[in-house]
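To keep things clear, I will list the structure first and then write my remarks on it.
Here is how names work: the chains are called A, B, and so on, in the same order as the sequence lines, proteins then strands, and each is numbered from 1. Below, all heavy atoms of this structure are taken into account, side chains as well, without hydrogens, waters or symmetry copies.
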Amino acid sequence: MYAQLVKSEGMKSAAELSPEERAFQERIDRGEKIEPKEWMPEGYRKTLIRQVGQHAHSEIVGQLPEGNWITRAPTLERKAILLAKVQDEAGHGLYLYCAAETLGVSRDQLLAKLHDGSMKYSSIFNYPTLNWADIGAVGWLVDGAAIMNQVQLQKTSYGPYSRAMIRICKEESFHQRQGYDIMMKMAQGTAEQKAMAQDALDRFWYPALMMFGPSDKDSVHSAQSMAWKIKINTNDELRQKFVDQTVPQAEYLGLKIPDPNLKWNEEKKGYDFSEPDWSEFFEVIAGNGPCNKERLGARVKAWEDGAWFRDGLLAHAEKAEARRAAARVAAE
Amino acid sequence: MSSEWPLWEVFIRGQHGLNHRHVGSLHAPDAELAIKNARDVYTRRNEGVSIWVVKSVDITASSPSDKGPLFEPSNSKVYRHPTFFQIPEEVGHM
């Protein structure tokens with residue numbers, strides 16, 4: 001999802017666990033939250049840093065495809081709404097970096113790993129936003145899929161991550177609704193607008209399904225993460241829930257999900273649907289999606305261009321502190 | 001490479017009459033900007049009427065391993081709770 005291919009540590013059997021590891025697992029099984037500075041297995045800490053860090057990076061990089069439309073929003077109201085949403089994404093990234101930092105990694109270290117490509121962000125943000133309806137589709141589908149993942153993560157075992165998720169979920173439902181609101185306007189508009197809405201759905205449907213990560217049968221990292229309650233539901237469970245929730249919403253819009261195999265399955269009380277093209281997913285993750293270079297390039301440029309400013313503010317703060325210290329000495 | 005801004009812990013008073021409560025942390029070059037950043041990061045939806053920030057390095061925390069010695073002694077002192085004492089009904093509310 002926002003953390004799609006998080007490498008977890010190898011799963012140990014109950015007999016292989018040390019007494020400390022067993023006591024830790026029992027705390028998790030009892031539903032206790034793990035807090036910063038408490039003892040945790042090194043693998044738990046590392047997996048969480050990867051997952052929370054990847055999640056944070058996704059929020060920050062996720063600002064780019066939408067930021068692209070702030071100056072082109074069709075009305076002042078839409079512009080103000082989009083600005084507020086993109087600002088929220090920055091906030092969400094910061095809550096998550098703050099949670100990751102409690103695990104003993106600094107934000108600058110995480111950013112350095114994003115910039116050198118050793119940490120990833122969600123594949124979805126490597127697709128372009130070509131027309132205004134794409135902003136509707138991103139809110140409706142991308143934020144919809146994100147919420148599906150984040151709602152379950154509110155119950156995750158690591159306290160700071162769980163609390164960040166609770167806060168994010170509270171704020172995020174506005175994001176999905178504003179996207180659907182755009183889609184309604186477009187789908188009920190002129191034939192040309194409706195065609196734009198359909199085109200946006202056609203392009204974002206499969207990339208949105210990919211957000212949940214590979215199929216359970218190919219998902220090598222899930223078992224340990226689920227035992228540690230870093231992950232609560234499997235990729236396929238969440239994907240199924242997302243499809244079941246989204247199909248009626250598309251029907252209401254009068255738009256067609258671009259999947260000839262989409263069919264209600266009475267037996268499982270859910271839809272059957274086509275898997276996305278997983279070779280495309282792995283290509284995008286490997287850096288070969290339509291916008292990978294542009295997205296990462298924009299992040300690196302912002303970081304490098306901002307260096308003088310960050311340094312300047314810090315130099316000012318240090319000078320002001322020195323002046324205050326000198327004044328204190330003089331007053332004594 | 002430029003050096004990292006210090007980390008600040010943020011406390012928000014949600015409404016008048018309530019205590020400030022820890023909500024998270026952020027990086028800022030100084031206290032003044034930490035307050036401004038906290039406003040943008042933690043109160044975008046009217047969540048507060050007052051903000052405190054304090055440098056994370058200035059916080060001293062109890063160690064998780066001291067949980068027993070620190071907090072267990074109070075477990076046995078049940079007489080600190082009013083329900084420990086039986087007051088006859090005819091005495092009325094106390």
**Report entry** Note, L33(B) side chain near L313(A) side chain (heavy atom, < 4.5 Å)
**Finding:** yes
Report task. Would you confirm whether E4(B), through its side chain, and D108(A), through its main-chain N or O, come within 3.5 Å as a donor-acceptor pair? Result -> yes
Report summary line: Per-residue tally against chain B (heavy atom, under 4.5 Å) across E318(A), E38(A), K170(A), Q87(A) peaks at Q87(A)
Query raised in the report: So, do L314(A) and P6(B) sit near enough that their side-chain heavy atoms are less than 4.5 Å apart?
Result: yes
Query raised in the report: For the atom pair CG (L7(B)) and OG (S106(A)), what is the distance rounded to the nearest 0.5 Å?
Result: 9.5 Å
Report task. Can you tell which part of T102(A) gets under 4.5 Å to a heavy atom of chain B, answering side chain, backbone, both or neither? Result -> neither
Query raised in the report: How about F85(B): does its CZ atom have over 12 heavy atoms from other parts shown lying under 6.0 Å from it?
Result: yes
Report task. Using non-hydrogen atoms and a 4.5 Å limit, figure out which bit of E47(B) sits close to chain A: side chain, backbone, both or neither. Result -> side chain
**Report entry** Crowding at NZ, K77(B) (>12 non-hydrogen neighbours, <6.0 Å)
**Finding:** yes
Query raised in the report: Do other residues, nucleotides or ligands put more than 12 heavy atoms under 6.0 Å from the CG atom of N46(B)?
Result: no
**Report entry** R177(A) atom CZ, over 12 foreign heavy atoms within 6.0 Å
**Finding:** no
Query raised in the report: Between K37(A) and A61(B), which heavy-atom pair has the shortest distance, and what is it?
Result: NZ-CB, 4.4 Å
Query raised in the report: Is there side-chain contact between Y97(A) and H27(B), with heavy atoms separated by less than 4.5 Å?
Result: no
Query - Residue R44(B) excluded, over 12 heavy atoms near CZ under 6.0 Å - result: yes
Query raised in the report: Between the main-chain N or O of Y42(B) and the side-chain N or O of R167(A), is there a donor-acceptor pair closer than 3.5 Å?
Result: yes
**Report entry** Close side-chain approach of H92(A) and V41(B), heavy atoms under 4.5 Å
**Finding:** no
Query raised in the report: More than 12 foreign heavy atoms under 6.0 Å from CG of N19(B): is that the case here?
Result: no
Query - Greater than 12 external heavy atoms within 6.0 Å of R22(A)'s CZ - result: yes
Query - Pair D30(B) + R324(A), salt bridge at N-O below 4.0 Å - result: no
Query raised in the report: How many angstroms lie between atom CD of E101(A) and atom OG of S25(B), to the nearest 0.5 angstrom?
Result: 5.5 Å
Query - Neighbour count above 12 (heavy atom, 6.0 Å) for K229(A) NZ - result: yes
